[in-house]
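Each ligand, and each atom within it, is numbered from 1 in the order the structure gives.
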Amino acid sequence: MAVHQIRSVVRPATLEEAWECRRSEPGASRFLAGGIDLVLYVPPTVSTLIDLSCLGIDAVRQEGSDVVMGAMATLTEVLESPLVGEFAGGFLRDVLRRVASPLQRNVATLGGAVVRAHPWSDVIPALLVLDAQLDVFDGRRSTVELSEVRARSESPSPLVLTVRLPGASCDGRGAFEKFARTGFDVGVLNCACFAIIERGLCRTARVAVGGTPSVARRLPRVEETLVGKPLSASQIALAAQTAAGVVDVRDDRRATAEYRRVLTAVGVRRCLENLAGLGSEVKE
Ligand SMILES: Cc1cc2nc3c(=O)[nH]c(=O)nc-3n(C[C@H](O)[C@H](O)[C@H](O)COP(=O)(O)OP(=O)(O)OC[C@H]3O[C@@H](n4cnc5c(N)ncnc54)[C@H](O)[C@@H]3O)c2cc1C
């Protein structure tokens, strides 16, 4: 059993204070959100937890045409927000209903899910296909692409303030497939697709596959096969086949690479069929 060395928990009231605590002790401190991930493994070097609960970054609000979700909002608060329910046909709400169990969703925060970015995260592929951005603070505020934050390697990584759903995605529809052994288990593979369809043709198409077993990535080659085309049976079959060809899969204890390749084709096909026929329905 891991032994932790926590000596203090601080609760800053300003972003500047929170960042200074983190920056001055990068190896010995961690931000604390819901804590469901952090309590499972606190690195032995960490002696200070920086509780983010007094920073006022937990609201879900509209900003222009964007929906802006506070990093400290729990997954339950996000999925119950009417703004999220109305965005892209409630796609993100439906995906979050499939994350872990209700009790865990009552504690886990959106910011924690984004920063921890488990390889099997269901949240990351959903946010990737919605083209989500993050408002972050590292001494100054900036807005960055979700993929950009995950690619950064500097320590400490910035404090995430909000996850922003750009208004441009509001009129699209999303679909999600998760292959897992039980309803509460983490997935063996997951897949999210999003499309904006105009006059029967895909104006925008985004496809992300996760749990490969790496964290979700978009598949631009698959998206290219869809843009400007109708979501016909033959086009969907081509996209599914392309996805199986380009997805970067590996073996791990949950599944073989070959099985994951098959699941990728099935997941992409099901998502696109869902978008073609049933809008944003997600199977429970
Ligand atoms: C048992 C279990 C089952 C799960 N099942 C699923 C599942 O089915 N699908 C799925 O997608 N996910 C699943 N998860 C992942 C879950 O969504 C995340 O663990 C959770 O959202 C983390 O949020 P938290 O608030 O508890 O983060 P914490 O544990 O508090 O923090 C996690 C990490 O993020 C950092 N951090 C937190 N907030 C911020 C911030 N605002 N800015 C910068 N850094 C920050 C912390 O320093 C820490 O390193 C599961 C997790 C557990 C423990």
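Looking at Q104 against ligand 1, only its side chain comes within 4.0 Å, counting heavy atoms. If you look at P158 next to ligand 1, the close heavy atoms, those under 4.0 Å, all belong to the backbone. Both the backbone and the side chain of A33 come within 4.0 Å of ligand 1, judged by heavy-atom distances. Looking at R22 against ligand 1, nothing comes within 4.0 Å, counting heavy atoms. At a heavy-atom distance under 4.0 Å, only side-chain atoms of L40, from C-beta outward, approach ligand 1. When non-hydrogen atoms are compared, ligand 1 lies under 4.0 Å from the side chain of L52 (C-beta onward) but not from its backbone.
Note: no N/O pair closer than 3.5 Å links R98 and ligand 1 by distance alone.
Looking only at protein heavy atoms, the nearest one to atom 14 (N) of ligand 1 is W120 CZ3, 3.5 Å. Nearest protein neighbour of atom 41 (N) of ligand 1, counting heavy atoms only, is V160 O, 3.0 Å. Scanning all protein heavy atoms for the shortest distance to atom 28 (P) of ligand 1 gives G35 N, 3.5 Å. The single protein non-hydrogen atom nearest to atom 46 (C) of ligand 1 is F31 O, 3.1 Å, given as residue, atom name and distance. Residue, atom and distance of the protein heavy atom nearest to atom 33 (C) of ligand 1 are R116 CB, 4.3 Å. Nearest protein heavy-atom contact of atom 49 (O) of ligand 1 is L38 CD1, 4.2 Å. The nearest heavy-atom contact from the protein to atom 20 (C) of ligand 1 is A108 CB, 3.5 Å. With hydrogens left out, the protein atom closest to atom 35 (C) of ligand 1 is V115 CG1, 3.7 Å, a heavy atom.
Heavy-atom proximity to G34, at under 4.0 Å, picks out these atoms of ligand 1: 24 (P), 25 (O), 26 (O), 30 (O). Proximity to V186 (heavy-atom distance under 4.0 Å) selects the following atoms of ligand 1: 5 (N). The ligand atoms of ligand 1 that sit less than 4.0 angstrom from a heavy atom of V123 are 11 (O). Under a 4.0 Å criterion applied to the non-hydrogen atoms of K178, ligand 1 contributes the atoms 8 (O).
Within the structure, the closest approach of R105 to ligand 1 does not fall below 4.0 Å when heavy atoms are considered.
Taking only non-hydrogen atoms, the option from P43, A100, A18 nearest to atom 8 (O) of ligand 1 is A100. Of the candidates V95, D122, D37, I36, the one placing a heavy atom closest to atom 11 (O) of ligand 1 is D122. Between V114, N190, V99, it is V99 that holds the heavy atom closest to atom 10 (C) of ligand 1. When the options A216, G112, S121 are ranked by their closest heavy atom to atom 22 (C) of ligand 1, first place goes to G112.
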> For S214 and R250, what are the C-alpha separation, side-chain angles and deciding distance, and is it a side chain to side chain contact (heavy atoms under 4.5 Å, CB included)?
Replying inline: CA-CA 8 Å; S214 301; R250 296 193 318 278; 2.9 Å; yes
> Going through the checks in order, is the side chain to side chain contact (heavy atoms under 4.5 Å, CB included) test met by L38 and L49?
Replying inline: CA-CA 10 Å; L38 206 50; L49 294 181; 3.8 Å; yes
> Step by step, would you call T76 with N106 a side-chain hydrogen bond (donor to acceptor under 3.5 Å, both in side chains)?
Replying inline: CA-CA 5 Å; T76 300; N106 287 345; 2.7 Å; yes
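L189 pairs with exactly one of V247, V266, T212 by the side chain to side chain contact (heavy atoms under 4.5 Å, CB included) rule, that one being T212. A side chain to side chain contact (heavy atoms under 4.5 Å, CB included) with R164 holds for exactly one of L127, V68, V67; it is V68.
Here the side chain of S24 pairs a donor or acceptor atom with the backbone of E20 at under 3.5 angstrom. D252 places a side-chain N or O within donor-acceptor distance of the main-chain N or O of A255, the cut-off being under 3.5 Å. Side-chain atoms of Q235 never come within 3.5 Å of backbone atoms of S232 as a donor-acceptor pair (strictly under, hydrogens ignored). No side-chain donor-acceptor contact under 3.5 Å links D135 to the backbone of T143.
Residues A71 and T109 approach most closely at O-CB, 3.4 Å, considering heavy atoms. Looking at every heavy atom in both residues, P43 comes nearest to R30 through CG-NH2, 3.7 Å.
Between R98 and D122 there is no salt bridge, since none of the side-chain N atoms of the basic residue sits less than 4.0 Å from a carboxylate O of the acidic one. A salt bridge links D131 to R218: at least one charged side-chain nitrogen sits closer than 4.0 Å to a carboxylate oxygen.
R206 and S169 are linked by a side-chain donor-acceptor pair at a separation below 3.5 angstrom, with hydrogens and angles left out of the test.
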